[in-house]
Amino acid sequence: MTKPAGSRMIAALVSGLVFGLGLSLSGMLDPARVRGFLDITGAWDPSLAFVLGGAVAVAALGTLLAKRMAAPMLDDRFHLPEGRLIDSRLIVGSAIFGIGWGIGGLCPGPALASLSLGLPATVWFVVAMLAGMIVHDRFVVPRT
């Protein structure tokens, strides 16, 4: 049975708003604070560890609940990653992500949420992120 698209869109909008609000309240929109958390050999700011711990707890609870459900409330089935291979592409991609996060102090979710602040550095970050996605889709991912 197909679920109503309108309900899915409203759920996605509410989820995105809650996610953005959480990022804002937690300080994840401040690149300097994120870099301070990642700088474990310098002036380390451990406050975002509580944000990370809360995120892991919520994700673990969601995973446990999902395993008990036959299907999600607003779709016919769960759409989970099927690949479990840890290869060089995964490792290199993870390293690029981590280095970019450490240098810029932003990752995709907080970067999009912090566009609301209107900071030029964030706009440039998002432009570069989108350019990287386009380059990846056009030149790295094999066409099928």
Side-chain angles (χ1 to χ4, degrees), residues 1-41 44-117 119 121-144:
M1 176 173 76
T2 304
K3 313 294 182 183
S7 297
R8 289 192 305 247
M9 289 178 66
I10 291 170
L13 176 64
V14 170
S15 297
L17 290 172
V18 169
F19 180 64
L21 179 65
L23 290 172
S24 178
L25 292 175
S26 69
M28 289 289 296
L29 301 186
D30 181 3
R33 190 165 179 193
V34 173
R35 282 191 300 269
F37 172 68
L38 297 173
D39 185 10
I40 58 172
T41 61
W44 185 53
D45 176 5
S47 63
L48 292 182
F50 295 105
V51 175
L52 179 61
V56 169
V58 169
L61 179 61
T63 301
L64 288 174
L65 289 173
K67 286 182 178 181
R68 294 177 174 228
M69 297 172 64
M73 291 174 28
L74 297 175
D75 204 344
D76 297 327
R77 65 180 181 89
F78 288 103
H79 301 272
L80 301 173
E82 295 176 9
R84 297 189 182 272
L85 178 66
I86 298 176
D87 60 2
S88 61
R89 289 175 56 128
L90 177 65
I91 293 170
V92 169
S94 300
I96 291 170
F97 176 88
I99 290 167
W101 190 31
I103 292 171
L106 290 169
C107 61
L112 293 175
S114 64
L115 282 175
S116 64
L117 301 175
L119 303 173
T122 302
V123 173
W124 283 112
F125 180 92
V126 171
V127 167
M129 178 180 74
L130 293 173
M133 291 172 156
I134 291 168
V135 166
H136 176 267
D137 285 350
R138 299 260 193 255
F139 303 110
V140 178
V141 174
R143 298 198 184 250
T144 55

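Position 1 is the first residue of the sequence, and the numbers go up from there.
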(message) For the CD1 atom on Ile86, are there more than 12 heavy atoms of other groups (residues, nucleotides or ligands in this structure) within a distance under 6.0 Å?
(response) no
(message) Once rounded to the nearest 0.5 Å, what's the spacing between atom CD1 of Ile96 and atom CD1 of Ile91?
(response) 12.5 Å
(message) So, taking the atom named CG in Leu61 and the one named CG in Leu64, what distance separates them when rounded to the nearest 0.5 Å?
(response) 6.5 Å
(message) To the nearest 0.5 Å, what is the distance between CG on Leu117 and CG on Leu119?
(response) 5.0 Å
(request) Please name the pair of heavy atoms, one in Gly105 and one in Val34, separated by the smallest distance, quoted to 0.1 Å. (result) O-CB, 3.4 Å
(message) Please find the pair of heavy atoms, one from Phe97 and one from Cys107, that lie closest to each other, and give the distance.
(response) CZ-CB, 3.5 Å
(request) Give, for atom CE of Met9 and atom CG of Leu74, the distance between the pair rounded to the nearest 0.5 Å. (result) 12.5 Å
(request) Write down the atom of Met73, the atom of Met69, and the distance for their closest heavy-atom approach. (result) N-CE, 4.1 Å
(request) Of all the heavy-atom pairs spanning Gly104 and Pro31, show the shortest one and how long it is. (result) O-CB, 3.4 Å
(message) So Phe50 and Ser26, do their side chains get closer than 4.5 Å, heavy atoms only?
(response) no
(message) For the CD1 atom on Ile40, are there more than 12 heavy atoms of other groups (residues, nucleotides or ligands in this structure) within a distance under 6.0 Å?
(response) no
(request) Would you confirm whether Ser24, through its side chain, and Gly20, through its main-chain N or O, come within 3.5 Å as a donor-acceptor pair? (result) no
(message) Filter on side-chain hydrogen bond (donor to acceptor under 3.5 Å, both in side chains), then keep only pairs touching residues 29-41, sequence neighbours left out; what's left?
(response) Arg33-Ser47
(request) Could you check if a side-chain atom of Thr122 sits within less than 4.5 angstrom of a side-chain atom of Leu106, using non-hydrogen atoms only? (result) yes
(request) Please report the closest heavy-atom contact between Gly102 and Leu38, naming both atoms and the distance. (result) CA-CD1, 3.7 Å
(request) Identify the two heavy atoms, one from Phe37 and one from Trp44, that lie closest to each other, and give their separation to 0.1 Å. (result) O-NE1, 2.7 Å
